[in-house]
Amino acid sequence: MNNLLKQVIDENRKYTNYGQVASYIPELKNAKRSDLGICIIDKDNKIYTAGNYNTKFTIQSISKPIVLAMALMDNDWTTVFSKVGMEPSGDPFNSIMKLETNDTKKPSNPMINAGAIVTTSLIKGSSLEEKEERMLQFFRRLANNDSIGINYEVYKSEKLTGDRNRAMAYLLKNDGFIDGDVEEVLDLYFKQCSIEIDCVDLARIGINLAMYGIDIESKERLISEKVSRMVKTFMVTCGMYDASGEFAVHVGVPAKSGVGGGIIATVPRRFGVGIYGPALDSKGNSIGGIHILKDLSEELELSIF
Ligand code: GLU
């Protein structure tokens, strides 16, 4: 497996030349475009790695399925889905348009920014600090890594420039989809996006989702089977921005990407995959990462369909 991973990294690194590092959050511009790394953890807890697998980067939108899991564990589902929908939007992740044109004005799903800001607002805690601590602890347990924390440079950069998210959040508050202090919700959202991880952390979260919420090391249940199914279904239908359909056809596994260049993929009862490649394609997905997953899907027959 290690040889296969080295091979797919070497063969697909050329694609990084055709992608761009995200720059709309200024701090993300510092990433190295040619970086490409991968980690796979299998159901027997064997860890395979290649390339820049231990480079740290911010989780960005890959936090969305995790925070959705938290929102579903903290609230009854009727409440959650009265505030966020279940349908792919077909629009870019940061689109504001449907918040006005949808009949209900409800965000289409929890994998786009508007929907994710709603799920963030549903995290329980008596103060912002408690919510932040609970959130970080949940990520640490899922990744089995107590050292996971926030990259404050990225957080500050996003908070300073996140006016589009701010606009969406105020609209959502106006329409009754978020309660409480909008700036606090945004602060928590910017922090969740700025959580710093590497490919091994993502692969670990991926295998725990692949095992339907049971930690492969401690055998402890971290997420209920029902919640893990729900989260993975959203990853299939909406996880890869407005290229989710194409990704399902070519790769066929639940996955989520982020503008920091990460991709998490989870292959039921088999593998957790973490990829890092900050050169993004026009849809916002890691360009090298997508090519790697296509190759691995063929090689290891990963598609669930
Ligand atoms: N923090 C980013 C934003 O809200 C996340 C975007 C992404 O990774 O898709 O714009």
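Treat the numbers as computed from the prediction; the structure is a model and nothing was measured. Indexing begins at 1, ligand by ligand and atom by atom, following the structure's order.
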Item checked: Carboxylate-amine/guanidinium contact Glu220 Arg141, below 4.0 Å -> yes
Check: Backbone or side chain, does any N or O of Ser257 fall under 3.5 Å from an N or O of ligand 1?
Finding: no
Notebook entry, point to check: Side chain, backbone, both or neither: which part of Phe190 comes within less than 4.0 Å of ligand 1 when only heavy atoms are counted?
Noted result: neither
Margin query: Within 45 degrees of the ring normal and closer than 6.0 Å to the centroid, is that where the cationic atom of Lys156 sits relative to Phe190?
Written below: no
Check: Heavy-atom contacts under 4.0 Å between Arg164 and ligand 1: side chain, backbone, both, or neither?
Finding: neither
Note to self: To check your reading of the model: name the closest protein heavy atom to atom 5 (C) of ligand 1, its residue, and the distance in Å.
What the structure shows: Gln60 OE1, 3.4 Å
Next item on the list: Using a strict 4.0 Å cut-off to heavy atoms of Cys193, name the atoms of ligand 1 that fall inside it.
Entry: 1 (N)
Margin query: Just to be sure I read this right, does ligand 1 sit under 4.0 Å from the backbone of Val259, its side chain, both, or neither, counting only heavy atoms?
Written below: both
Item checked: Candidates Ile264, Leu5, Ile41, Ile38 - the one meeting side-chain contact (heavy atoms from CB on, under 4.5 Å) with Val273 -> Ile38
Next item on the list: If you have a sec, work out which protein heavy atom is nearest atom 4 (O) of ligand 1 and how many Å separate them, to one decimal?
Entry: Tyr189 OH, 2.7 Å
Notebook entry, point to check: Between Asn45 and Arg204, does a side-chain hydrogen bond (donor to acceptor under 3.5 Å, both in side chains) hold up when you go through it step by step?
Noted result: CA-CA 9 Å; Asn45 201 13; Arg204 170 76 61 176; 3.2 Å; yes
Note to self: Show the nearest heavy-atom pair for residues Ile223 and Ala69, with the distance to one decimal.
What the structure shows: CD1-CB, 4.2 Å
Item checked: Within 6.0 Å of CD in Glu87, more than 12 heavy atoms from elsewhere -> no
Next item on the list: For ligand 1, note which part of Ser61 has a heavy atom under 4.0 Å away: side chain, backbone, both or neither.
Entry: both
Check: To the nearest 0.5 Å, how far apart are CD1 in Ile195 and CD in Glu132?
Finding: 8.5 Å
Check: Which is it for Asn94 and ligand 1 at heavy atoms under 4.0 Å: side chain, backbone, both or neither?
Finding: neither
Margin query: I need the atoms of ligand 1 closer than 4.0 Å to a non-hydrogen atom of Tyr241, numbered in the order shown.
Written below: 7 (C), 8 (O), 9 (O)
Notebook entry, point to check: What is the closest protein heavy atom to atom 10 (O) of ligand 1, and at what distance does it sit?
Noted result: Tyr24 OH, 2.6 Å
